[in-house]
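A short worksheet on the structure shown next.
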Amino acid sequence: EARSRFLLRDQVFEQELEFEYGITPHFALEPGFAVVREPDGDLRYDAFDVEGRFNWGSFTPGRCLPALNVEYEKPNGTAGQLELKFIASRFGRNGSDISLNLNVGRAFSRLEDDPDAEGAHWESELSSGYVHPIIGRGRTARGKAGLEFIHSFHDGQSNLGPVLVY
């Protein structure tokens, strides 16, 4: 899985790569890393993460598939953070899917005895997305396009952007 972001305001390009390994039909591990290209052109390592994905029920088009992701992320120069993602997805018979996510996370402090230290805080966000097949249909749909909306409860910022899946 690859995610690319260009932050127009900061003139920064971010690239994330995750490698998904399905252990069972209901559990997967996903190690990943991120790099950033700064406005001056320098490319630097930015973070690594590892995520465990759990889902319940069986994949059935037209029905809700609940899931829980547990993720540890370690951005450069931080003590890291733990995040829980509660997910409900519905997959259409035509290959479309819609998802609603509630993410809650806690950044760790470098000073273990000071919970108010820089970086030690709770964050949460709500995200939703929809993709529709553009290459293939149903279970054979390989290319999809859509939109994703993210709202951060921590800073009140909202983002809306395109999603391409292949």
Could you tell me if the side chain of [Y] sits less than 4.5 Å from the side chain of [X], heavy atoms only?
{"X": "Thr140", "Y": "Arg142", "result": "no"}
{"X": "Leu164", "Y": "Tyr166", "result": "no"}
{"X": "Val12", "Y": "Val36", "result": "yes"}
{"X": "Leu68", "Y": "Phe86", "result": "yes"}

Any chance you could measure [X], atom [atom1], to [Y], atom [atom2], to the nearest 0.5 Å?
{"X": "Phe153", "Y": "Trp122", "atom1": "CZ", "atom2": "CH2", "answer": "15.0 Å"}
{"X": "Asn55", "Y": "Ser89", "atom1": "CG", "atom2": "OG", "answer": "9.5 Å"}
{"X": "Gln81", "Y": "Lys74", "atom1": "CD", "atom2": "NZ", "answer": "11.5 Å"}

Please lay out, stage by stage, how Phe48 and Tyr72 fare under the test side chain to side chain contact (heavy atoms under 4.5 Å, CB included).
-> CA-CA 9 Å; Phe48 83 85; Tyr72 175 72; 4.2 Å; yes
Taking only residues two or more places apart in sequence, or in another chain, which ones meet Ser152 in a side-chain hydrogen bond (donor to acceptor under 3.5 Å, both in side chains)?
-> Asp155
Check whether [X] reaches the backbone of [Y] with its side chain - one donor and one acceptor, N or O, closer than 3.5 Å.
{"X": "Asn101", "Y": "Leu126", "value": "no"}
{"X": "Arg93", "Y": "Pro61", "value": "yes"}
{"X": "His132", "Y": "Ser96", "value": "no"}
{"X": "Lys144", "Y": "Gly95", "value": "yes"}

Where do Arg3 and Glu18 land on the salt bridge (Lys or Arg N to Asp or Glu O under 4.0 Å) test, with the steps shown first?
-> CA-CA 9 Å; Arg3 285 184 223 97; Glu18 279 188 357; 3.4 Å; yes
Same hydrophobic cluster for Trp56 and Ile23, using side-chain heavy-atom links shorter than 4.5 Å among ILVMFWY?
-> yes
With distance as the sole criterion, is a donor-acceptor pair present between the side chains of His151 and Ser158 under 3.5 Å?
-> yes
What residues join Phe91 in its hydrophobic cluster, counting side-chain heavy atom gaps under 4.5 Å, either direct or through other members?
-> Phe59, Leu65
Determine, using ring centers only, whether Phe27 and Phe54 are less than 6.0 Å apart.
-> yes
Do you know the tightest heavy-atom contact between Ile150 and Glu125?
-> CG2-OE1, 3.6 Å
Look at atom OH of Tyr45 and say whether more than 12 heavy atoms of other residues, nucleotides or ligands are closer to it than 6.0 Å.
-> yes
Heavy-atom neighbours of Arg137 CZ exceed 12 at 6.0 Å = yes
